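Contents: one structure, followed by commentary.
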Amino acid sequence: MTDIQQRTHSAMIADIMKDGVITAQEMNDLQRQQMDCYAAAGYDILYDDDLTATVIPRNANVDGETEDVARKCDTNQGFADVYNVYFEALRNPDARDLTSATIQCLIDNGLVDKTYTKDEYERDSENRTGPYTPDPETGGVNDQVYTCGRDPLGNLR
């Protein structure tokens, strides 16, 4: 985690990283900093419950700038890196094997049979086959398949 602080040279990141623990309050503070950064560049940012964000330009004439603003507000300030560490700690606090947990979640939800293997999972998730076959109408996967992949241990609910 110190590489994040060294890359960003951020006092806030240094403070967050000093004890090796990222608290909910620290994430809230970092999120506020991110929101302020986007607002200063003319964007609104809306968060889902899991901190997934949608960035909306206030002015329709900012085509092409969004990537630069995202780099500044997410990457350069360290939000994206700290969020990834925080999210993984919430999602998998005991560092369990998420592949096995995902397969078990798929089995438990009746999306595959109990003989489903790791090789089948790797093939299907890579090739978008089996339970990962996109819905013809939406182009996405079944909501439960998505949930099993994102939160196979049920820690984000």
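Because the structure is a prediction, the values reported are computed rather than measured.
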Legend entry - Heavy atoms of other groups near Arg96 CZ, more than 12 under 6.0 Å: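 Atom CZ in Arg96 is not packed in, count stays at 12 or less.
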
Legend entry - Within 6.0 angstrom of Asp143 CG, more than 12 heavy atoms from elsewhere: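 Counting other residues, nucleotides and ligands, CG of Asp143 stays at 12 neighbours or fewer.
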
Testing the basics here: between [X] and [Y], what is the closest heavy-atom pair and its distance to 0.1 Å?
| X | Y | answer |
| --- | --- | --- |
| Cys73 | Gln34 | O-CG, 3.7 Å |
| Leu106 | Cys148 | N-SG, 3.7 Å |
| Cys105 | Pro152 | CB-O, 4.2 Å |
| Ile22 | Glu26 | CA-OE1, 3.3 Å |

Inset, instruction - Spell out, as yes or no, whether a donor-acceptor pair under 3.5 Å connects the side chain of Asn127 to the backbone of Thr129. - result: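 Side chain of Asn127 to backbone of Thr129: no pair is present.
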
Legend entry - Backbone of Gly130 reached by a side-chain donor or acceptor of Thr133 within 3.5 Å: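 Indeed, once roles are kept as given, a pair shorter than 3.5 Å links the two residues.
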
Using a distance-only test with no angle check, is there a side-chain donor-acceptor pair under 3.5 angstrom linking [X] and [Y]?
| X | Y | answer |
| --- | --- | --- |
| Asp29 | Gln25 | yes |
| Glu120 | Thr117 | yes |
| Gln104 | Asp108 | yes |

What distance do [X] atom [atom1] and [Y] atom [atom2] have between them, rounded to the nearest 0.5 Å?
| X | Y | atom1 | atom2 | value |
| --- | --- | --- | --- | --- |
| Arg58 | Tyr38 | CZ | OH | 12.5 Å |
| Asn155 | Asn92 | CG | CG | 7.5 Å |
| Ile107 | Asp113 | CD1 | CG | 7.5 Å |
| Lys72 | Phe79 | NZ | CZ | 16.0 Å |
| Tyr47 | Thr54 | OH | OG1 | 10.5 Å |
| Met35 | Asn28 | CE | CG | 10.5 Å |

Inset, instruction - Could you please spell out the steps behind the side-chain contact (heavy atoms from CB on, under 4.5 Å) verdict for Tyr116 and Asp124? - result: CA-CA 11 Å; Tyr116 196 68; Asp124 287 344; 2.6 Å; yes

Inset, instruction - Apply salt bridge (charged side-chain N to carboxylate O under 4.0 Å, His left out) to the pair Asp151 and Arg91, showing each step before the final yes or no. - result: CA-CA 6 Å; Asp151 187 23; Arg91 179 176 118 141; over 6 Å; no

Legend entry - Linked, directly or transitively: Val69 and Ile56 (ILVMFWY side chains, under 4.5 Å):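 Different clusters.
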
